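Before any comments, here is the structure.
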2 protein chains.
Amino acid sequence: MSNSPEKTSYHHGELYNSLLNAAHSMLAEGGIEALSLRKLAEQVGVSRTAPYHHFKDKNELLCALAADGFKRKQAAIAQLSLHSTSNPTQQFKDFVYDYIKHATANPELYDLMFGRPIWKTGSSNPQLQSHAYPVFQQQLALIKSWQQQGVLDSEADTLRLSQVIWSTLHGLTRLVIDGIYDSSDSNSHQVKAMCDCAIKQFLSAAKG
Amino acid sequence: MSNSPEKTSYHHGELYNSLLNAAHSMLAEGGIEALSLRKLAEQVGVSRTAPYHHFKDKNELLCALAADGFKRKQAAIAQLSLHSTSNPTQQFKDFVYDYIKHATANPELYDLMFGRPIWKTGSSNPQLQSHAYPVFQQQLALIKSWQQQGVLDSEADTLRLSQVIWSTLHGLTRLVIDGIYDSSDSNSHQVKAMCDCAIKQFLSAAKG
DNA sequence: CAATCAATCTTGACGCTGTCAAAATATAAG
DNA sequence: CTTATATTTTGACAGCGTCAAGATTGATTG
């Protein structure tokens, strides 16, 4: 959308944000693989090495992009918590649906945020971590409250249960967006069925 | 290990297998990222474009490598099924432990077998699919039997439950091997705890 | 055995990538 | 105005996947 103002001046002035914006849409279109610094620079109207004065690395750009994604994810979850008009069981269901919905709506962004390249040892930025960690804390708080309300297994250790539920959602998402499940025909219908099955497992475990 | 016989003859004779072997160890050392056709050719002692007479693409080599992994995985699961001396509940636990154990022991191979690059639309080889599909069928059969024996929720649709359990194991594996969980200190201890929590959830759901 | 053919391997080249070094230019500070 | 600092540029390097054309070998057939 709002990529480059096409300034003709030597100094761009808004290079940092312009690069991030352009990177965002380029990521959405072709994934991490198609995201190259050179194409990015060209699209913003600047030479190939200009970005290196705002991002030390390609990795640093990816981290900044992912950090931005975590910031928005946190806001989305927070807004979901505010809409607590429904009963806690329905809240948990909505939490699951929303997780898969957001992830499958922006598969390339999800792939970046939770992918190897930026989390591999030595790659993860302190700035990235500071944005990602609160999101997990947020999820942990939600699950703790659901445990206290008897929706989820109250005997389980909250941290472990959070990790397991997250694993289930993450795994389901990855299997879908990585193409291991065929996304040809009525895929969303099957994904919905998988979510419901997962929900049922966690809910019944609470009544053991 | 047994990489190249260093034949000086023009025709290598065993190029296909030599490439696969070299690729296997190169993958284990540096991951997909570090696996380049050129380095591979050099290591086997052949020119850069020689591999193209045995693999149409780099993608085709990756598919062959992954297919080999699936073949071995199938054999491993089959052997696990034969060791059915223990009770079915313990069998299910061992199945979970083994999944994570094998995946974390060969993280780079797992990343290849269940990663985007080879499953992305248009990348997956028919040969790859024919090796991967039976593995899922195998897991589905196991889960069906555990359902019939009352270990897992017998009311759930077998296909959906298989997908959910697989999602949990896959997600847990990915979070670990992708570096999202810090693998610094006593990691295996925490992973064990997560597995136990997941197992408990699925077992209690059967007694709902 | 000799000639032909197909399989295999090599050299050369192209465009793409990330990134460093050094030079040019614009802005800010003294 | 001069000096320093931040920003951008051009040039260059090594690496990558891969195509095209030529060289070499092993197998096939007359």
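Per chain, numbering begins at 1; letters A, B, ... match sequence-line order. The shown structure was predicted, so the numbers you read here are calculated from the model rather than taken from an experiment.
Note that CG of L152(B) is 7.5 Å distant from CD of Q201(A), once rounded to the nearest 0.5 Å.
S36(B) comes within 4.0 angstrom of the backbone, heavy atoms only, and of no base.
When the P atom of dT17(C) is taken as reference, atom CD of Q43(A) falls 12 Å away, rounded to whole Å. Between Y52(B) atom OH and dA21(D) atom P there is a gap of 17 Å when expressed in whole angstrom units. Atom CD in E60(B) sits roughly 15 Å away from atom P in dG17(D) (whole-Å rounding). A straight line from NZ of K39(A) to C1' of dC16(C) spans 9 Å, rounded to a whole angstrom. Atom P of nucleotide dT17(C) and atom CG of N59(A) are separated by 18 Å, given to the nearest angstrom. Taking atom CD on E14(A) and atom P on dT8(D), their separation rounds to 11 Å, with Å as the unit. The separation between L19(A) atom CG and dT7(D) atom C1' is 13 Å, rounded to whole Å. In this structure, I32(A) places its CD1 atom 16 Å from C1' of dG18(C), rounding to the nearest Å.
Taking 3.5 Å as the limit, the base of dG17(D) and the side chain of R48(B) contain no donor-acceptor pair of atoms between them. Contact annotation: side chain of R38(B) to base of dG17(D), donor-acceptor pair present below 3.5 Å.
Relative ring orientation between F92(A) and W146(A) is described as perpendicular, the plane-to-plane angle rising above 60° on a 0-90° scale split at 30° and 60°. Using cut-offs of 30° and 60° for the angle between ring planes, the F70(B) and W119(B) rings count as perpendicular.
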Derivation and outcome, side-chain hydrogen bond (donor to acceptor under 3.5 Å, both in side chains), residues Y99(B) and D94(B): CA-CA 8 Å; Y99(B) 190 103; D94(B) 289 341; over 6 Å; no

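Each of A34(B) and K56(B) was assigned the nucleotide of DNA chain D with the nearest heavy atom; the assignment lying further toward the 5' end belongs to A34(B). For the pair K58(A) and S47(B), both in contact range of DNA chain C, the more 5′-proximal nearest nucleotide belongs to S47(B). Take the nearest nucleotide of DNA chain D for P51(A) and for H53(B): the residue whose nucleotide is more 5' is P51(A).
Checking the phosphate oxygens (OP1, OP2) of dT18(D), no side-chain nitrogen or oxygen of T49(B) falls inside 4.0 Å.
For the residue pair H170(A)/Y110(A), the side-chain donor-acceptor check at 3.5 Å is satisfied.
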